[in-house]
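Being a predicted model, the structure only gives us computed values, none of them experimental. Chain A is the first sequence line, chain B the second, and so forth, proteins listed ahead of strands; every chain is numbered from 1.
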Amino acid sequence: MQPLGKEKNTYDGEHREPDKPLPQASRAHDVPTGSALAARGEPFLWGLGGALTLGISMIVGFIILILWNGLITFYPKPVCMATLKNSRIIAGEPTRSELYRVADEQMESLDPDVQDEIRANQGFASRTLYRTGNYDLYNEDFRWVSDFEVQSASMPPDIFFVERLEWGPFIGFIHSVRLRSQELKGESLELGSLYSEHLKAVRRRQDVRRIERSEIGAVNHKMEKERLALRRVALRHGEQSDAFQEAQARYQERVRALQAEYEQLHSEAESIKQNDAQYQVTLVDVSGREKTILLSDIVRFYPANALSTFQKLGVYVSRWLEFLTQEPREANTEGGVMPAIFGTFVMTVLMAIAVAPFGVMAALYLREYAKQGRLVSIIRICVNNLAGVPSIVYGVFGLGFFAYIVGASIDELFFRERLPSPTFGTGGLLWAALTLALLTVPVVIVATEEALAAVPQSMREGSLACGASKWQTIRHIVLPKAMPGIMTGLILAMARGAGEVAPLMLIGVVKLAPELPIDGFFPYLHLERSFMHLGFHIYDVGFQSRNSEAAKPMVFVTTLLLISLIAVMNAVAIYARNRLKRKYYVGHF
Amino acid sequence: MAEGIDTRTDFVQTISYPRKGEDGAVIEIEKFSLWYGSHQALFDNTLNIERGLVTALIGPSGCGKSTLIRSLNRMNDLIDGLRISGTIRFNAENIYNPDVDVIGLRKRMGMVFQKPNPFPMTVADNVAYPLRVDGIRDRRVLDATVVRALKAAALWDEVKDRLNDNALGLSGGQQQRLCIARAIAGEPDVLLMDEPCSALDPLATAKIEDLIYELRGRYTIIIVTHNMQQAARVSDNTAFMYLGTLIEYGDTRTIFTNPKHGRTQDYVTGRFG
């Protein structure tokens with residue numbers, strides 16, 4: 001049987017006669033090509049692609065900038081010695097060159113032919129920034145030298161770049177070395193033996209430091225404990241009581257013992273110091289000014305222009321190691337950032353520990369148990385809005401609520417003997433972590449809710465139909481299935497929290513923390529201590545230091561480190577999430 | 001597998017197949033109406049499901065047959081704004097009594113859904129799930145149940161080497177039989193099947209139908225289906241529903257060959273629906 005309507009259908013390809021024109025109706029749908037372009041959406045496609053390209057190129061450019069500046073900072077640069085036309089001699093690492101407009105007053109004092117040259121160059125001249133070091137001699141670290149000032153320049157092979165514990169680097173020559181009574185000078189000064197002597201001096205310095213910091217620190221810690229114990233007795237029984245008298249006698253006896261221990265350690269340190277003082281090195285700068293320092297005050301020294309590539313790499317690696325493992329010196333512009341790395345890491349981990357159960361439980365209640373209605377909608381809007389509150393507001397809240405209300409109450413209840421100096425009643429690691437947890441909890445709630453909503457209803461029904469209770473269904477079916485999504489939220493929260501600085505400045509981060517939040521004294525993790533943070537370190541080094549030019553490379557290095565730390569933490573979390581995903585999604589069809 | 005475990009693959013032979021009306025009603029639905037908010041989905045339905053038989057619910061889309069089957073194990077409780085009137089008695093007990101243990105009720109009524117919904121776990125864990133939520137931890141009991149349920153669901157031969165693979169890796173038909181195995185693992189009295197074959201190809205459908213044929217007698221089976229041939233093939237009794245109302249209920253052969261109502265006649269002969 002012929003299908004109905006076959007003959008009537010003039011649009012049917014098989015049945016239309018070849019020379020019969022297309023019906024008018026189809027012409028009416030012809031449209032000008034211009035609007036066809038718009039209709040196909042091509043311009044929008046270009047716009048979308050362009051936006052993506054722009055975004056990616058900005059991110060890539062940013063990362064390349066950070067990587068490049070961060071990675072070259074520690075590579076030793078050659079030292080250039082320049083004799084100026086006014087017969088002064090300067091030496092330093094050329095850092096960068098630029099064109100500048102020569103001021104009129106300066107022009108007048110220049111030679112006529114130099115003036116002509118500058119005029120030919122439309123009033124611009126080129127200059128180079130030298131890192132001259134020797135802050136103790138010159139009162140400056142950096143100096144601009146215009147090219148026209150320079151008479152001659154050379155790269156002396158025996159010029160040294162000496163990094164010191166104090167006053168920053170010294171650039172100059174080694175005049176003489178005194179090892180006890182022996183004086184080495186000129187020919188007898190051998191670089192190899194100098195390096196090994198320096199190594200010994202560094203060990204002596206470390207010995208002194210170990211005694212002063214950890215051993216005397218331990219004695220001080222015990223003394224403080226005794227004092228607090230006595231104070232506790234005084235608070236409990238009153239200062240007139242027998243118990244107090246007894247405790248005081250005991251206290252004095254113990255303090256005497258500790259005092260003796262302290263004296264002994266102190267004299268031990270002093271004897272090492274006296275020995276150390278006999279090892280000195282006399283440096284001389286390019287203009288002939290001498291400076292004598294202890295050998296142990298030198299961090300690192302190298303003949304800047306006589307290094308092989310291999311030796312340069314050695315210096316590079318040793319600087320990185322110092323940066324990653326040592327404490328900062330010289331108002332954070334030198335030394336390492338280990339306490340800041342540590343503080344950032346510990347705080348982020350604490351924050352994740354605090355935010356994960358909190359956010360997940362809140363989202364579980366909101367999505368699975370709460371009756372979906374107006375109230376839940378309002379709560380959801382509020383949670384979303386919390387994510388948009390400026391982070392400094394959280395800092396103020398954290399300080400006001402956690403430190404001054406909760407912390408002060410804790411002090412009042414548990415640490416009365418330490419008052420008036422606060423224990424938890426001021427900014428610290430715990431309050432910072434909790435403040436950031438509060439800051440990031442909306443991220444976790446939103447992500448968890450989405451992950452829970454993405455679990456198919458059919459799976460819940462299947463579980464309920466098996467006779468599982470609601471909690472069993474959530475526990476065995478919904479949560480495992482949603483776990484990768486929850487982890488994603490947690491990763492986002494950690495990334496946000498680790499990079500946050502503003503609230504931390506109010507609630508526990510300091511530019512130089514005297515102690516790490518984890519140490520060998522009970523309870524090992526000191527949640528009340530203030531700590532250092534890489535983000536705040538960047539701000540402090542870049543904008544609060546005496547010498548911003550010297551700090552600039554450190555800003556890049558620290559930024560590189562912060563980004564790497566966050567990347568590593570995220571990578572670990574993503575690895576964990578993918579393992580979970582594999583566990584629950586093996587071979588989907 | 002441990003020795004001496006009753007894997008009971010021979011129940012089809014050992015259990016005598018009940019004849020019509022012999023064992024009485026296991027579920028009695030009486031004047032049951034249901035509203036989703038202000039929309040009434042079921043109107044005063046009354047029917048008795050006979051013990052040990054296969055009962056098919058047929059009718060056009062939106063006629064309320066899924067709603068009715070989901071009312072039997074109170075899966076509709078999940079929906080906000082649900083209202084009911086009338087009674088459903090399961091073994092003479094009103095399941096909508098406030099003091100009824102819903103979880104216990106669901107344990108006695110296994111359910112198979114339209115789309116296969118295995119859990120994201122291994123095949124064995126899927127089948128053992130109803131026992132696990134009961135708190136059974138004994139490996140021997142769990143293993144025995146897994147074997148028995150998989151054999152009963154005619155899946156054992158296909159998955160016996162894949163018991164510890166993820167269940168989501170099975171084919172659609174295997175997944176649905178796994179869901180049947182899971183539903184019968186807890187030894188329910190009733191098996192509710194809500195269009196169990198609608199997402200499957202004809203071969204898989206045939207296997208499920210064979211399975212239903214084998215399982216009848218052991219369980220009271222209620223199956224919702226769009227496929228009238230399927231209803232005719234597998235069921236003993238058939239209920240035809242239209243617009244939330246039970247139009248006709250009776251012996252399958254009668255419904256398909258000699259229906260009392262014109263609408264039933266129209267539907268089973270394909271004139272509408």
Quiz item: What are the residues of residues 453-463 of chain A, in order of number, with any heavy atom under 4.5 angstrom from a heavy atom of chain B?
Solution: A:Gln457, A:Ser458, A:Met459, A:Glu461, A:Gly462, A:Ser463
Quiz item: Should we say atom OH of A:Tyr369 is surrounded by more than 12 heavy atoms from elsewhere, each under 6.0 Å from it?
Solution: yes
Quiz item: Is there side-chain contact between B:Phe119 and A:His476, with at least one heavy-atom pair below 4.5 Å?
Solution: no
Self-check item: Part of B:Arg70 within contact of chain A (heavy atom distance under 4.5 Å)
Solution: side chain
Self-check item: Least distance between heavy atoms, A:Gln472 atom then B:Val133 atom
Solution: NE2-O, 2.7 Å
Quiz item: Heavy atoms, side chains only, cut-off 4.5 Å: are B:Met121 and A:Ile477 in contact?
Solution: yes
Quiz item: Where does B:Pro118 contact chain A at under 4.5 Å (heavy atoms): side chain, backbone, both or neither?
Solution: backbone
Exercise. Take atom NZ of A:Lys470 as the centre, draw a 6.0 Å sphere, and report whether it contains more than 12 heavy atoms from other residues, nucleotides or ligands.
Key: yes
Exercise. State which residues pass ring pair (Phe, Tyr, Trp, His ring centres under 6.0 Å) with B:Tyr96; sequence neighbours excluded, sorted by chain then number.
Key: B:Phe32
Self-check item: Taking every non-hydrogen atom, the tightest pair across B:Arg106 and A:Leu464
Solution: CD-O, 3.2 Å
Self-check item: Pairwise side-chain contact, A:Cys466 with B:Arg182, heavy-atom cut-off 4.5 Å (strictly under)
Solution: yes
Exercise. Please say whether more than 12 non-hydrogen atoms of neighbouring residues, nucleotides or ligands are located less than 6.0 Å from CZ in A:Phe397.
Key: yes
Exercise. Would you name the heavy atoms of B:Ile103 and A:Gly467 that are closest together and state the gap between them?
Key: CG2-O, 3.0 Å
